[in-house]
Amino acid sequence: MQQPKKPKYRKQMKRVRHLRGAETRGVELSFGDYGLKALDSGWITARQIEAGRVAMTRRAKRGGKVWIRIFPDKPLTSKPAETRMGKGKGAPDKWVASVRAGRIMYEITGVDRESARRALELAASKMPVRCAIVERTRTLL
């Protein structure tokens with residue numbers, strides 16, 4: 001699973017407000033021919049990102065190349081179960097990526113159109129947000 005090697009601070013504030021609105025960066029395909037775009041905003045955990053990657057590569061029978069365009073760099077903390085209130089903030093529990101609507105999360109190339117669509121559909125089923133499959137438009141000069 002992905003997480004930062006050496007974060008500057010162990011704990012961060014939650015800041016849910018920054019998930020409002022649409023994404024302006026990372027909204028177009030940069031590397032592959034097909035991609036998975038988020039239609040909603042939300043937090044995607046490192047486990048969900050890894051589950052999507054494994055599902056894609058297995059569905060594509062390890063053919064082609066996969067790019068992961070999101071990185072879980074935000075720590076989420078939680079207190080242990082059955083703990084009384086107070087006594088400070090809990091320990092870092094998991095890492096999440098903040099994803100706003102319009103962000104390309106995965107890209108794939110080197111496989112045919114149908115295989116790419118099936119692989120991306122499988123990865124989309126692992127995500128906690130609604131997703132759409134996008135395709136690079138070829139322009140002939």
Side-chain angles (χ1 to χ4, degrees), residues 1-140:
M1 284 187 301
Q2 298 177 325
Q3 72 180 47
K5 284 190 181 93
K6 189 177 174 186
K8 189 166 185 179
Y9 300 105
R10 274 183 66 228
K11 302 173 183 177
Q12 276 184 23
M13 289 169 63
K14 270 196 179 153
R15 288 193 58 205
V16 181
R17 280 189 310 194
H18 73 284
L19 289 176
R20 289 185 192 154
E23 186 67 77
T24 56
R25 300 183 307 180
V27 295
E28 293 179 359
L29 293 175
S30 298
F31 306 103
D33 295 327
Y34 307 96
L36 191 67
K37 180 183 269 203
L39 298 178
D40 293 331
S41 300
W43 285 335
I44 301 179
T45 67
R47 285 177 184 265
Q48 290 165 338
I49 295 170
E50 179 66 9
R53 183 196 67 80
V54 168
M56 280 178 64
T57 53
R58 287 197 179 149
R59 186 64 173 171
K61 299 196 173 41
R62 295 200 173 77
K65 177 139 177 61
V66 174
W67 288 270
I68 303 173
R69 299 275 308 271
I70 53 177
F71 185 79
D73 57 352
K74 183 179 189 63
L76 281 191
T77 62
S78 70
K79 293 180 74 81
E82 300 180 7
T83 305
R84 292 186 179 188
M85 293 289 103
K87 305 245 188 297
K89 189 171 183 175
D93 183 39
K94 55 188 164 190
W95 292 87
V96 298
S98 295
V99 173
R100 292 189 347 196
R103 179 76 180 205
I104 301 286
M105 297 184 291
Y106 296 99
E107 291 188 33
I108 189 169
T109 191
V111 292
D112 61 287
R113 185 175 193 221
E114 191 60 29
S115 298
R117 192 181 65 77
R118 286 190 179 152
L120 289 167
E121 279 175 358
L122 203 55
S125 69
K126 311 287 184 191
M127 297 295 120
V129 295
R130 289 184 309 126
C131 300
I133 297 170
V134 293
E135 184 177 345
R136 184 183 300 277
T137 56
R138 302 277 182 208
T139 55
L140 301 172

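One-based numbering along the sequence shown. Source: prediction; values computed, not measured. As a basis for the values below, the full set of heavy atoms in this structure was taken, side chains included, without hydrogen atoms, waters or symmetry mates.
- By the 4.5 Å heavy-atom criterion applied to side chains, D33 and E135 are not counted as neighbours.
- There is no side-chain donor-acceptor pair under 3.5 Å between D93 and T77.
- In this structure, A101 and S41 approach most closely via the heavy-atom pair N-OG, 3.1 Å.
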Check against side-chain contact (heavy atoms from CB on, under 4.5 Å), V96 and I44: CA-CA 5 Å; V96 298; I44 301 179; over 6 Å; no
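- The structure places CG of L36 at 7.0 Å from CE of M127, a figure rounded to the nearest 0.5 Å.
- With values rounded to the nearest 0.5 angstrom, I108 atom CD1 is found 11.5 Å from I68 atom CD1.
- Between I104 and R69, the shortest heavy-atom contact is O-CB, 3.2 Å.
- Closest of all the heavy-atom pairs between V99 and A38 is CG1-CB, 3.7 Å.
- Taken to the nearest 0.5 Å, the CD1 atom of I133 stands 13.0 Å off from the NZ atom of K37.
- The backbone N or O of K11 lies less than 3.5 Å from no partner atom in the side chain of K89, so there is not a single donor-acceptor pair.
- R59 is listed as a side-chain neighbour of R118, based on a closest heavy-atom distance under 4.5 Å.
- Contact between T45 and K94 at its shortest, heavy atoms only, is CG2-CD, 4.0 Å.
- Between E114 and R117, at least one side-chain nitrogen of the basic residue sits less than 4.0 Å from a carboxylate oxygen of the acidic one, meeting the salt-bridge criterion.
- Annotation: E28, atom CD; neighbour count of heavy atoms from other residues, nucleotides and ligands within 6.0 Å does not exceed 12.
- Atom CZ of R100 is separated from atom CG of L19 by 8.0 Å, given to the nearest 0.5 angstrom.
- Rounded to the nearest 0.5 angstrom, Q12 CD and D73 CG are separated by 7.0 Å.
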Q2/W95 under side-chain contact (heavy atoms from CB on, under 4.5 Å): CA gap, chis, key distance, verdict: CA-CA 8 Å; Q2 298 177 325; W95 292 87; over 6 Å; no
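- In this structure, P128 and W43 have side chains that are not in contact, with every pair of non-hydrogen atoms separated by 4.5 Å or more.
- The 12-atom threshold is not exceeded at NZ of K126, counting heavy atoms of other residues, nucleotides or ligands nearer than 6.0 Å.
- Side-chain atoms of I70 and Y106, non-hydrogen and from C-beta on, never get closer than 4.5 Å to each other.
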From CA spacing to verdict: side-chain contact (heavy atoms from CB on, under 4.5 Å), T109, W67: CA-CA 9 Å; T109 191; W67 288 270; 3.4 Å; yes
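- Using a 4.0 Å cut-off between charged nitrogen and carboxylate oxygen, E50 and R53 count as a salt-bridge pair.
- Residues A124 and C131 come closest through the heavy atom pair CB-CB, 3.9 Å.
- Side-chain atoms of S30 and E107, non-hydrogen and from C-beta on, do get closer than 4.5 Å to each other.
- Shown here for K79 and G88, the closest heavy-atom pair between the two residues is NZ-O, 2.8 Å.
- How far CG of D112 is from OH of Y34: 7.5 Å, rounded to the nearest 0.5 Å.
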